[in-house]
Every structure is written in structure tokens, then in C-alpha cells.
2 protein chains.
Amino acid sequence: MLSEITDNKQKIITTALNLFAKKGYDAVSTLEIANAAGITKPTMYYYFGSKEGLLSEILSIHYNRLLSDLESAASLPEDIALTFFRMMRIYFDYALKNKDFIMFKLSTFNRIGEDVTYLLSREYTDRESSIIKHVFDVAASYVGNIRGKEDLCTMTFVGVAHAAIGAYFHTGDETLLSDETIYRLRQQFLYGIYS
Amino acid sequence: MLSEITDNKQKIITTALNLFAKKGYDAVSTLEIANAAGITKPTMYYYFGSKEGLLSEILSIHYNRLLSDLESAASLPEDIALTFFRMMRIYFDYALKNKDFIMFKLSTFNRIGEDVTYLLSREYTDRESSIIKHVFDVAASYVGNIRGKEDLCTMTFVGVAHAAIGAYFHTGDETLLSDETIYRLRQQFLYGIYS
DNA sequence: CAATTTATATACCGTTTGGTATACTGTGAA
DNA sequence: TTCACAGTATACCAAACGGTATATAAATTG
């Protein structure tokens with residue numbers, strides 16, 4: 001068994017995710033994935049059963065990693081300032097270390113309807129929202145002004161995270177994902193632009 | 001000439017945009033568009049030359065309308081609070097009246113790479129960013145604390161707008177795009193969550 | 001050593017893809 | 001009445017699509 005050396009399964013996952021991020025799921029063919037990964041189509045179908053199965057496994061691996069990290073970061077919601085920093089740091093780190101996945105995530109996050117990538121991502125994005133929502137729910141119990149705005153805060157938090165990461169992809173400027181940026185975003189989030 | 005009555009060209013545009021929004025550009029075939037629009041493929045190719053030509057015209061029509069509205073709303077950047085409201089109102093109104101287009105816009109906004117929808121949208125999204133950026137550039141001249149954070153503000157503004165519209169599409173709750181929501185978002189933007 | 005399982009490739013399938021050659025039809029101008 | 005042209009449809013194309021039947025070679029297991 002050469003799989004420990006060659007590890008074709010992992011190669012297929014990495015290659016496919018890269019192509020999906022660059023061109024979009026539907027624009028990438030199974031043959032293109034096979035060629036780029038240096039294998040043949042039946043090998044891909046042996047491991048994943050279908051193109052959709054391949055996407056499903058990619059989503060499972062990365063979302064579970066990301067959401068697990070996010071859950072750790074959200075485990076001390078009593079300190080909203082600290083938790084804001086930690087959660088944003090998780091997003092930025094994941095974007096820096098797993099560019100392809102986060103690029104793909106961003107391009108599917110606001111999808112809706114019959115799109116395959118949306119349907120398969122939904123369970124994870126729902127979990128993601130609820131983790132963040134919980135932070136603001138707890139925060140509302142001791143920061144009165146948040147009360148009634150928990151959903152708004154959740155929405156804004158994710159929106160800002162995505163916007164910053166999107167800007168990083170657009171410009172390539174890594175300082176957009178630095179601690180300094182998080183401090184500024186947090187300052188603005190907590191005290192507004194006049195602070 | 002029945003075109004004034006039937007108006008097949010307009011029908012194709014509306015139908016195609018609806019399918020693109022629901023399933024994604026690459027997942028929709030020209031035959032599917034033709035069938036849904038009640039015409040045949042050659043008719044579509046007569047008007048638009050190619051599938052890409054059709055997409056291009058859709059983007060041109062809607063982005064030009066949206067950006068023209070946005071420019072009007074941004075014409076008094078001396079009052080940042082007022083301008084914030086006006087610009088957000090433009091986005092929300094367009095989302096309410098042209099659901100399909102904004103849905104499609106959201107799903108392509110954070111794209112990058114070789115994706116056709118990204119490449120064809122880019123000229124418009126660049127213009128969009130620069131309109132908003134200009135507002136914060138002017139604001140920075142009289143609100144000292146904004147200085148150096150113009151790009152951050154632009155990024156945040158667009159991120160928040162998209163997040164709110166995305167939440168509306170997700171839940172169907174129209175109050176997410178009400179004046180009341182804009183007031184809250186503005187309050188948070190200007191003074192933070194403690195306000 | 002024989003049987004089975006894992007991992008791979010060759011060669012193929014029916015269907016769908018974006019796109020077109022060609023012909024027809026109704027309308028307005030000369 | 002003839003002509004041109006805008007608009008539309010029938011019927012087709014080569015290429016690419018997602019997926020598979022089958023063979024094969026190496027490794028694991030009895």
C-alpha cells in the first residue's frame with residue numbers, strides 16, 4: 001500500500017478545493033480535478049463516490065476544524081472584548097493558513113436557493129451563527145445595551161470578519177488580518193467610529 | 001414586430017437572472033434559460049451572442065442603476081450620519097425591489113480568481129467601493145478619529161450592508177431592511193454597542 | 001501459498017453542454 | 001408588389017460532462 005507515501009486521497013482533496021476556490025464548484029470538471037491531482041477519474045470516484053461526495057468531505061473536514069476552533073474561542077463569553085478578539089483571530093488565522101477553503105466559504109456564504117454548495121454548507125453555517133449568537137446572548141445579560149440586538153451583533157460580527165478577509169484576498173495585504181486590525185475593528189464595534 | 005408586446009429580450013434577462021440567483025451561473029444551461037423564458041436558444045443567441053454576453057448585459061443594467069442611486073445618496077458626504085442612512089437605504093431598497101440581482105451580487109461579491117462572474121463584476125464592484133470610500137475620505141477631514149481608518153470604514157460598511165441583506169434573504173424577515181434597522185446599524189457604527 | 005481486499009488505470013457510456021447553419025415569418029419601406 | 005430586415009424556430013454539431021464496467025497489480029490476511 002503506497003497510500004502513506006503518495007496519499008492520493010489527500011492530494012485530491014487539496015487539489016479540488018483549490019480549483020473550487022478559483023473557479024467555482026460547477027465550473028470545475030471531475031476530469032480537471034483528476035488531471036491536476038495527477039490521478040484518474042475512477043480513483044476519485046473510488047474515494048468519494050461522486051463529485052458531490054468530494055465536496056461534502058471537503059466541507060466536513062474544514063468546517064469541523066474551523067467551528068471547533070471557534071467554539072474554543074467563544075468559551076469565555078463573559079468577557080465580550082476578549083471573546084471578540086479571540087473569535088476574530090480564529091477567522092483570520094484560518095484564512096491565512098487555509099486560504100482556499102475560506103475563499104470558497106466566502107463565495108458560498110451568502111448563497112441561497114438550489115445551489116449545491118449552499119445546501120451542503122448550510123448545516124455548518126447554521127452552527128457557526130449559533131456559536132456567535134450565544135456569545136452575544138451571554139453578553140446581553142451584563143451589557144444592557146446589547147439586549148434586543150443579539151442578532152444584529154451576530155450579523156455584524158460575521159459581516160465584518162468576511163469583509164476584512166475578502167479585502168485581504170483582494171489586495172494580498174496581510175496586515176489586514178493582523179492583531180492591530182482586530183484591535184481597531186473591536187474598538188469600532190464597541191465604541192463606534194468616534195472613539 | 002411583436003417585440004413591443006412580447007418583449008422576449010426583457011423576458012430572457014429577467015428569467016436568466018432569476019435562475020442565476022437560484023442556482024449559480026455555471027449551474028444554469030442556455031437550454032434551461034430558453035425553456036423557462038418560453039423561447040428557443042437561437043433567440044437568446046440572437047440578442048446576446050453568448051451566455052457570457054447575457055450575463056454581461058444583466059450586470060451592466062443592474063449595476064449601473066444601483067451605482068447611480070448610490071452616487072446620489074453619497075452626494076452630501078459632509079453629513080456622515082445622513083449619508084450613512086441614505087446609502088444603506090439605497091442598498092436595502094434595491095434588495096427589496098430587485099431580489100434576484102442582489103442575491104446574485106452577494107454570491108459573487110467575495111469571489112476572486114478565474115470565475116467569470118467575478119471577472120465581469122469587478123469593474124462595477126471597484127466603482128462601488130470607490131464611491132463609499134470617497135464618503136469616508138471626506139468625513140475624515142472633519143471627524144479626526146476616522147483618519148487612517150477610511151478603508152476600514154468602507155470595508156465595514158459594505159460588510160454590514162451585505163450581512164443584513166443576506167440575513168433578510170435567509171429569514172425572509174422584511175423588517176431587517178427597515179429604517180429602524182438602519183438607525184440601529186448607524187448607531188452601532190457611530191457609537192458602538194455600548195451606546 | 002491461495003484468497004481477498006485495496007488502490008489504481010483503460011476504455012467506454014449516455015446525456016448535456018454552448019453554440020450554429022439554415023430556413024421561415026411577419027412587418028415596414030420603396 | 002417587391003425587397004430587406006428583424007425576429008424566431010427546427011435540426012443539428014463536436015466537445016465535454018458525470019459516472020462506470022472491467023482489468024490489473026500490489027498488499028493483507030487466512
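Naming: A, B, ... by sequence-line order, numbering from 1 per chain.
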Visitor: Is it the case that A/K51 places NZ or CZ above or below the six-membered ring of A/Y25, under 6.0 angstrom from the centre and within 45 degrees of the axis?
Guide: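 Checked: cation-pi criterion met.
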
Visitor: What I want to find out is whether A/E128 reaches A/R122 closely enough, with some N-O distance under 4.0 Å, to be called a salt bridge.
Guide: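 No, no charged N to carboxylate O under 4.0 Å.
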
Visitor: Has A/N8 got a side-chain N or O lying under 4.0 Å from the OP1 or OP2 atom of C/dA7?
Guide: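 No, no such contact exists.
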
Visitor: Name the pairs: protein N/O against N/O of nucleotides 19-23 of chain C, kept only if under 3.5 Å.
Guide:
from, atom 1, to, atom 2, distance (Å)
C/dG19, OP2, B/Y45, OH, 2.8
C/dG19, OP2, B/K51, N, 3.0
C/dG19, N7, B/K41, NZ, 2.7
C/dG19, O6, B/K41, NZ, 2.4

Visitor: Can you check whether A/F85 and A/Y183 have ring centres sitting under 6.0 Å from each other?
Guide: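 They qualify: ring centres under 6.0 Å apart.
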
Visitor: Can you spot which of A/F104, A/Y124, A/Y94 makes a ring-ring contact (aromatic ring centres under 6.0 Å, His included) with A/Y63?
Guide: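 Checked A/F104, A/Y124, A/Y94 against A/Y63; only one passes ring-ring contact (aromatic ring centres under 6.0 Å, His included): A/Y124.
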
Visitor: Any sub-3.5 Å donor-acceptor pair from B/T175's side-chain atoms to B/S178's backbone N or O?
Guide: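 Absent.
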
Visitor: Does D/dG7 have OP1 or OP2 sitting under 4.0 Å from an N or O in the side chain of B/T43?
Guide: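 Negative; the distance criterion is not met.
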
Visitor: Parallel, tilted or perpendicular: which describes the rings of A/F136 and A/F189, with under 30° parallel and over 60° perpendicular?
Guide: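 Tilted.
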
Visitor: Hey, are A/R127 and A/E123 close enough for a salt bridge, meaning a charged N less than 4.0 Å from a carboxylate O?
Guide: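 Judged by the 4.0 Å cut-off on N to carboxylate O distance, A/R127 and A/E123 do not form a salt bridge.
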
Visitor: Report yes if at least one side-chain N or O of A/Y47 is closer than 4.0 Å to OP1 or OP2 of C/dT8; otherwise report no.
Guide: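 Answer yes for this pair, as a side-chain N or O of A/Y47 is under 4.0 Å from OP1 or OP2.
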
Visitor: Is A/D137 paired with A/K133 through a side-chain N to carboxylate O contact shorter than 4.0 Å?
Guide: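 Answer for the salt bridge query: yes.
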
Visitor: With the threshold set at under 4.0 Å for non-hydrogen atoms, list the residues of residues 11-20 of chain B touching DNA chain C in residue-number order.
Guide: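 Residues of residues 11-20 of chain B that come under 4.0 Å of DNA chain C do not exist, since none gets that close.
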
Visitor: A/K9 has an atom NZ; how far is it from atom C1' of C/dT8, in whole Å?
Guide: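 These atoms are roughly 16 Å apart.
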
Visitor: Using heavy-atom distances to pick each residue's nearest nucleotide on DNA chain D, tell me which of A/Y25 and B/I39 is more 5'.
Guide: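 Nearer the 5' end of the strand: B/I39.
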
Visitor: Between P on C/dA9 and CG on A/N35, what's the gap in Å once rounded to a whole number?
Guide: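 Computing the A/N35:CG to C/dA9:P distance gives 11 Å.
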
Visitor: Can you tell me how far P of C/dT17 sits from CG of A/L31, to the nearest Å?
Guide: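 In whole Å, C/dT17 P and A/L31 CG are 18 Å from each other.
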
Visitor: Which whole-number value in Å describes the distance from A/D26 CG to C/dG18 C1'?
Guide: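 Rounding to the nearest Å, CG of A/D26 and C1' of C/dG18 are 15 Å apart.
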
Visitor: Under the salt bridge (charged side-chain N to carboxylate O under 4.0 Å, His left out) test, which residues partner B/K149, sequence neighbours left out?
Guide: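 Counting only residues at least two positions away or on another chain, B/K149 forms no salt bridge (charged side-chain N to carboxylate O under 4.0 Å, His left out).
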
Visitor: Assign A/T40 to base, sugar-phosphate, or nothing according to its heavy-atom contacts below 4.0 angstrom with the strands shown.
Guide: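 Contact class for A/T40: base.
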
Visitor: Return the value, rounded to whole Å, for the distance between atom CG of A/D7 and atom P of C/dT6.
Guide: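 My rounded result for the distance is 17 Å.
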
Visitor: So which nucleotide from C/dT6, C/dA9, D/dT8 ends up closest to the side chain of A/Y46?
Guide: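 That would be C/dT6.
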
